[in-house]
Amino acid sequence: MVRWRSGEVTAVRRRWRGAVELAVRVAGDQVRALAYPALVGEPEVGDQVLLNTGALHMGLGTGGYAFVVAVPDRLPADPPFGADRDHGHLVKARYTPLQTIGLAVDEDASPHRPRMLAAEALGGAALDSMPVVLADLHSALPPILAGVHAGRPDARVAYVMTDGGALPAWFSRSLDALAGRLVGVVTAGQAFGGDLEAVNLHSALIAARAVLDAEVTIVAQGPGNAGAGTAWGFSGAAVGEAVNAVSVLGGRPVGSLRISDADPRPRHLGISHHSLTAYGTVALRPADLVTPRELPAALAALVAPAAARLSPPHRIVAVDTTGLDAALRTSPAPLRTMGRGLEADYWYFLAAAAAGRHAAALLDQGA
């Protein structure tokens, strides 16, 4: 349920693409709050704001913020809909109080519709063997991108954000930091706020290829993986479905395995059970699953037998990681997963970068 609060904006703090951080006084206490101006307008110091404080109160992993639901005394102007043009009817966050309406990349009013129709006419060849790197955590995006560009600095890379985590792309500070290195962001399903909006993962992948002209696409959920600690209760299971979608559309699926020797939970040591379930059970088509070639002996002893369970049908690819450390350390986006940085969970990030390097190598091979 929603924990509602009212407060007064006392300061406007950091700002990144699509989001603004505020200090808000609530019942005598100061809290951090996040507003999405595209939804609620631009809050100013002195404004009364209506907040949802549920995630902040519970201390969720991607909490730390109260969310601005409305600025009741100063509502934003209506969107500039013209009488002579349909500006889109794709509703996301559907049937919630903050549902938003946008233009789907392939609907009638979209300037990209002709490209989308032409690509869809190709059926299973729509992606034309494009490498698509798949990951279950949003934190894998920066290292995967670093790995792609370590091998191919000029590669055109798109990001497809699925709706397993945060729905607004604006919540991601990584996307703000990586804006200059991505050719665009496509938000799929109920996710929204990307450069392009797509109804589902299939149309998002086609848009990345046909509209953004991507050579490589990275697919991962937004920040905030949901997990219940059970075999099937985690949002990252959708990675297996993404393998199927990429394959059906004629792309080359590359799996970024969630590898760690630092996670305190046994189910995530070696290759996480999330990866084993998604690729080993949910995925019905083969993919290239990447492991770093230079794993330390203790970690390799965990990874090797787990990877063997995935092949066949998948192909296990050991990738040389020489030079990837430097690529990771120069990433414009901070490297952090489950509260751990590069040094604390080194092989998680290196494994993701290795998947990106393999995707770049597929470009050189003509995929």
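Remember, it's a predicted structure, so these values are computed and weren't measured experimentally.
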Can you get from Val49 to Val45 by hopping between Ile, Leu, Val, Met, Phe, Trp and Tyr side chains that sit under 4.5 Å apart?
yes
Sub-4.5 Å side-chain heavy-atom contact between Trp347 and Pro296:
yes
May I ask whether Leu50 and Val2 are part of the same hydrophobic cluster, defined by side-chain heavy atoms of I, L, V, M, F, W, Y residues being less than 4.5 angstrom apart, directly or through others?
yes
Less than 4.0 angstrom from a charged side-chain N to a carboxylate O is my criterion; do Arg329 and Glu343 meet it?
yes
Quick one: do Leu98 and Tyr36 satisfy side chain to side chain contact (heavy atoms under 4.5 Å, CB included)? Show the steps, please.
CA-CA 11 Å; Leu98 283 179; Tyr36 301 124; over 6 Å; no
Any side-chain heavy-atom pair from Val254 and Val290 closer than 4.5 angstrom?
yes
Any chain of hydrophobic side-chain contacts (each under 4.5 Å) joining Val132 to Val282?
no
Please find the pair of heavy atoms, one from Ala208 and one from Ala158, that lie closest to each other, and give the distance.
CB-CB, 4.0 Å
May I ask whether Val69 and Leu167 are part of the same hydrophobic cluster, defined by side-chain heavy atoms of I, L, V, M, F, W, Y residues being less than 4.5 angstrom apart, directly or through others?
no
His358: partners by ring pair (Phe, Tyr, Trp, His ring centres under 6.0 Å), with sequence neighbours left out:
none
Where Val40 and Val68 come nearest, the two heavy atoms and their spacing
CG1-O, 3.7 Å
Is any side-chain heavy atom of Arg285 closer than 4.5 Å to one of Pro253?
no
Do Arg13 side-chain atoms and Leu22 backbone N/O form a donor-acceptor pair below 3.5 Å?
no
Atom pair CE/CZ of Met130 and Arg252 - distance to nearest 0.5 Å:
13.5 Å
Taking the basic N atoms (NZ, or NE/NH1/NH2) and the acidic carboxylate oxygens, is any pair closer than 4.0 Å for Glu8 and Arg25?
yes
Taking the side chain from Arg258 and the backbone from Ile271, do they hold a donor-acceptor pair closer than 3.5 Å?
no
Between Gln221 and Asp136, is there a donor-acceptor pair closer than 3.5 Å when you use the side chain of the first and the backbone of the second?
yes
Please report the closest heavy-atom contact between Leu362 and Pro131, naming both atoms and the distance.
CB-CG, 3.9 Å
Checking Asp176 now: which residues fulfil side-chain hydrogen bond (donor to acceptor under 3.5 Å, both in side chains) with it, not counting sequence neighbours?
none
Return the minimal non-hydrogen interatomic distance between Val24 and Thr10, and the atom names on each side.
N-OG1, 4.1 Å
For a 4.5 angstrom cut-off between non-hydrogen side-chain atoms, does Asp325 reach Tyr346?
yes
Spacing of CZ belonging to Arg265 relative to NE2 belonging to His273, to within rounding of 0.5 Å
8.0 Å
Hits for ring pair (Phe, Tyr, Trp, His ring centres under 6.0 Å) against His274, two or more places apart or cross-chain, chain-then-number order -> Phe234, His268
Could you check whether any side-chain heavy atom of Val20 comes within less than 4.5 Å of a side-chain heavy atom of Pro37, counting everything from C-beta outward?
yes
Is a donor on one side and an acceptor on the other found under 3.5 Å between the side chain of Lys92 and the backbone of Thr187?
yes
Asn200 and Ser203: side-chain donor and acceptor closer than 3.5 Å?
yes
Look up atom NE2 in His89 and atom CG in Leu103, then write down how far apart they are to the nearest 0.5 Å.
9.5 Å
I want to check something: taking the side chain as every heavy atom from C-beta on, are Pro332 and Leu178 in contact at a cut-off of under 4.5 Å?
yes
Do you know the tightest heavy-atom contact between Thr321 and Glu294?
OG1-OE1, 2.6 Å
Under the 3.5 angstrom rule, does the side chain of Arg156 hit a backbone N or O of Leu212 as a donor-acceptor pair?
yes
Under 3.5 Å, side chain of Arg3 to main-chain N/O of Leu56, donor-acceptor pair present?
no
Working note: Thr217 + Arg209, criterion side chain to side chain contact (heavy atoms under 4.5 Å, CB included); need CA distance, chi angles, decisive distance, verdict.
CA-CA 8 Å; Thr217 294; Arg209 183 62 159 175; over 6 Å; no
What are the two closest heavy atoms between Phe171 and Phe67, and how far apart are they?
CE1-CZ, 3.8 Å
Atom OG in Ser129, atom CG in Leu249: separation rounded to 0.5 Å?
12.0 Å
Taking atom types as modelled and ignoring hydrogens, do the side chains of Tyr348 and Asp263 form a donor-acceptor contact shorter than 3.5 angstrom?
no
Gap between atom NE2 of His138 and atom CG of Leu175 - 0.5 Å precision
4.5 Å
Decide side chain to side chain contact (heavy atoms under 4.5 Å, CB included) for Val26 and Thr53; before the verdict, give the C-alpha distance in whole Å, the side-chain angles of both, and the deciding distance to 0.1 Å.
CA-CA 10 Å; Val26 178; Thr53 63; 5.7 Å; no
Would you say the side-chain atoms of Asp47 pair up with the backbone N or O of Val9, donor to acceptor, closer than 3.5 Å?
no
Taking Gly54's backbone N and O only, do any of them form a donor-acceptor pair with Asn52's side chain (distance below 3.5 Å, no angle check)?
yes
Separation between CZ (Arg5) and CG (Leu51), nearest 0.5 Å, reads 9.5 Å
Could you please spell out the steps behind the side chain to side chain contact (heavy atoms under 4.5 Å, CB included) verdict for Phe192 and Leu90?
CA-CA 10 Å; Phe192 58 90; Leu90 179 61; over 6 Å; no
Under the 3.5 angstrom rule, does the side chain of His112 hit a backbone N or O of Asp106 as a donor-acceptor pair?
no
With the side chain counted from C-beta on, respond yes when Val186 and Val105 share a heavy-atom pair under 4.5 Å apart, and no when they do not.
no
With distance as the sole test, does Glu197 use its side chain to make a donor-acceptor pair with the main-chain N or O of Ala104 at under 3.5 Å?
no
Please say yes or no: joined through hydrophobic side-chain contacts below 4.5 Å, possibly via intermediate residues, are Ile206 and Val199 part of one cluster?
no
Could you check whether any side-chain heavy atom of Tyr279 comes within less than 4.5 Å of a side-chain heavy atom of Leu257, counting everything from C-beta outward?
yes
